[in-house]
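Atoms within each ligand, like the ligands themselves, are counted from 1 in listed order.
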Amino acid sequence: MKFAELIDENVEELAILDSIDAGKLFSTGKIIDIPQAANTVRYYAGAADKIHGEVLKMSREFHGYTLREPIGVVGHIIPWNFPSTMFVAKVSPALAAGCTMIVKPAEQTPLSALFYAHLAKLAGIPDGVLNVITGFGPTAGGAISSHMDIDMVSFTGSTDVGREIMQAAAKSNLKTVSLELGGKSPLVIFDDADVEMASSLALIGILYNKGEICVSSSRVLVQEGIYDEFTKKLKEKMEAWAVGDPFDPKVQQGPQVDKRQFEKIQSYIEHGKREGATLLTGGKPLGNKGYYIQPTVFADVKDDMLIAQDEIFGPVMALMKFKTIEEAIQRANNTRYGLAAGIITKDLNVANTVSRSIRAGIIWINCYFAFDRDCPYGGYKQSGFGRDFGMDALYKYLQVKSIATPLYNSPW
Ligand code: NAD
């Protein structure tokens, strides 16, 4: 609770550090990321004294029960896109579970993690419990995933690195692995949707945090009856979107995190053009200083195009037209990922059917990005396994021990 209080007292400093490191909007950090980080710490602090096992009804005359014990030493390896959110999502349930831990922030964004470690010390968390080690992936991250004395690695990042981490865990001490990986999430918009609302959700779904968000609505499937009207509105909104200095309160999109990401996004845009998708808007860098990219939409995208299958992790949307609910479900699932999905419709039967039929860990109906510290967050398929947030995240840092003893006069 004291740690959460100190985060609240240092909102501006933490938001500034994340803006400098990642190009994130200062205004959003100040009113969303950092206050929510404090609330996440508070949520798990409240859970710390409510961890218990069960009394078992054993088939023979035994008194049997389970204990939930901390899994041990945890290595958290986190990405750069939400440095504060990721830090607390990993650290607070592990602390509540009673684990000790090493956090390796992404090399692009180490500043806020170091500041959180400082605040944890001020809050009275004993030395050695919460440790931050900065460094590069293959060296500092690799040392964690292959370490013989680390009991679990909790990773958020790309699917390729997730694979390497699993291999390193398997080859070392078979540590427990939790992986929150990439996504290519569909937003499915049906004919009965309010086009004004649907186009705004699709816009935010792809442009929030400059598209550097694993659950971005990077594939937007629109039913044919409203497709033309939707496309017109979306284009207008995209072209009015303000890109620029992340410290300017009027700006809605800052620069991409670094040169590598900036170039990767542009190479996907070039791919989209070569693959024959229609460039509806954007498609170029903005200005000649800084890693800014125009909000970009490709229309007439086919499922097998690279821009429909690969995670671009930037402000680039793949727009598709569909006819029937069956087609929408089939195409929404036509991806190796399974992180999130959105559905926009007024028809309850359609919403319920589609939400059950999409293989993804998070479904948002008539909304998008409905994050909450109480909502488990994680993937199906190659988006990984294990959950952050909610009580499921607490349980992943605990293991179950069964204890049994014969009852008095038992025939044992
Ligand atoms: P990344 O996989 O390159 O790096 C993530 C972290 O892993 C960094 O700290 C990095 O230093 C470390 N790392 C890199 N190579 C390593 C290795 N060989 N061994 C151990 N650690 C290593 O990912 P990124 O580019 O920083 O982040 C973007 C990716 O993260 C995207 O794919 C995105 O979808 C994903 N992501 C997923 C979620 C989720 O909850 N599912 C949330 C945010 C980001």
Side-chain angles (χ1 to χ4, degrees), residues 18 21-22 24 33 40 75-90 102-110 112-113 132-147 150 153-172 175 177-185 206 208-218 256-265 268 309-314 335-341 360-362 369 371 375-390 392-393 396:
D18 282 350
D21 260 356
K24 293 171 72 70
D33 295 42
T40 300
H76 300 290
I77 303 178
I78 59 178
W80 41 260
N81 59 338
F82 282 85
S84 287
T85 309
M86 287 292 130
F87 187 91
V88 298
K90 300 289 187 198
I102 298 153
V103 187
K104 195 208 84 62
E107 50 273 32
Q108 297 87 341
T109 54
S112 61
V132 173
I133 295 184
T134 59
F136 290 98
T139 45
I144 290 175
S145 50
S146 59
H147 204 286
I150 292 181
V153 58
S154 180
F155 171 76
T156 297
S158 60
T159 298
D160 286 348
V161 173
R163 248 183 257 284
E164 286 182 38
I165 284 179
M166 260 189 109
Q167 280 169 358
K171 284 189 190 143
S172 53
K175 56 181 66 63
V177 176
S178 156
L179 301 177
E180 304 283 340
L181 308 175
K184 192 76 185 175
S185 300
I206 189 64
Y208 188 64
N209 204 49
K210 29 176 174 134
E212 291 170 352
I213 179 162
C214 50
V215 286
S216 76
S217 61
S218 46
Q256 307 306 138
V257 70
D258 60 12
K259 187 160 185 270
R260 194 172 133 241
Q261 191 63 19
F262 176 70
E263 287 173 352
K264 178 183 148 193
I265 297 166
Y268 274 111
Q309 289 298 329
D310 280 12
E311 183 183 49
I312 300 174
F313 225 56
T335 165
R336 60 186 179 278
Y337 294 113
L339 197 49
I362 311 150
F369 297 142
F371 301 117
C375 281
Y377 185 95
Y380 284 27
K381 295 156 68 179
Q382 290 185 38
S383 291
F385 49 83
R387 295 290 178 267
D388 281 335
F389 296 103
D392 292 80
K396 85 176 174 188

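Applying the side-chain contact (heavy atoms from CB on, under 4.5 Å) criterion to F385, with sequence neighbours excluded, gives M166, V177, L179. Remark: N209 engages K24, N81, F82, E212 in a side-chain contact (heavy atoms from CB on, under 4.5 Å) (not counting sequence neighbours). Listed by chain and residue number, K259 satisfy the side-chain contact (heavy atoms from CB on, under 4.5 Å) test with E263 (two or more places apart in sequence, or in another chain).
Between Y377 and F371, the two ring planes are tilted [angle within 30° to 60°].
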Enumerate, one pair per line, all nitrogen or oxygen atoms of ligand 1 lying under 3.5 Å from a protein nitrogen or oxygen, stating the separation to 0.1 Å; write 'none' if no such pair exists.
residue: ligand 1; atom: 2 (O); partner: S158; partner atom: N; Å: 2.8
residue: ligand 1; atom: 2 (O); partner: S158; partner atom: OG; Å: 2.6
residue: ligand 1; atom: 9 (O); partner: I78; partner atom: O; Å: 2.8
residue: ligand 1; atom: 9 (O); partner: K104; partner atom: NZ; Å: 3.2
residue: ligand 1; atom: 11 (O); partner: K104; partner atom: NZ; Å: 2.9
residue: ligand 1; atom: 11 (O); partner: E107; partner atom: OE1; Å: 2.6
residue: ligand 1; atom: 11 (O); partner: G137; partner atom: N; Å: 3.3
residue: ligand 1; atom: 18 (N); partner: E164; partner atom: OE1; Å: 3.0
residue: ligand 1; atom: 23 (O); partner: S158; partner atom: N; Å: 3.4
residue: ligand 1; atom: 25 (O); partner: W80; partner atom: NE1; Å: 3.1
residue: ligand 1; atom: 26 (O); partner: W80; partner atom: NE1; Å: 2.8
residue: ligand 1; atom: 30 (O); partner: G157; partner atom: O; Å: 3.4
residue: ligand 1; atom: 32 (O); partner: E311; partner atom: OE1; Å: 2.5
residue: ligand 1; atom: 34 (O); partner: E311; partner atom: OE1; Å: 3.2
residue: ligand 1; atom: 34 (O); partner: E311; partner atom: OE2; Å: 2.6
residue: ligand 1; atom: 41 (N); partner: L181; partner atom: N; Å: 3.3
residue: ligand 1; atom: 41 (N); partner: L181; partner atom: O; Å: 2.7

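In this structure, CZ in R260 is found 7.0 Å from CD in Q108, a value given to the nearest 0.5 Å. Rounded to the nearest 0.5 angstrom, S145 OG and K171 NZ are separated by 10.5 Å.
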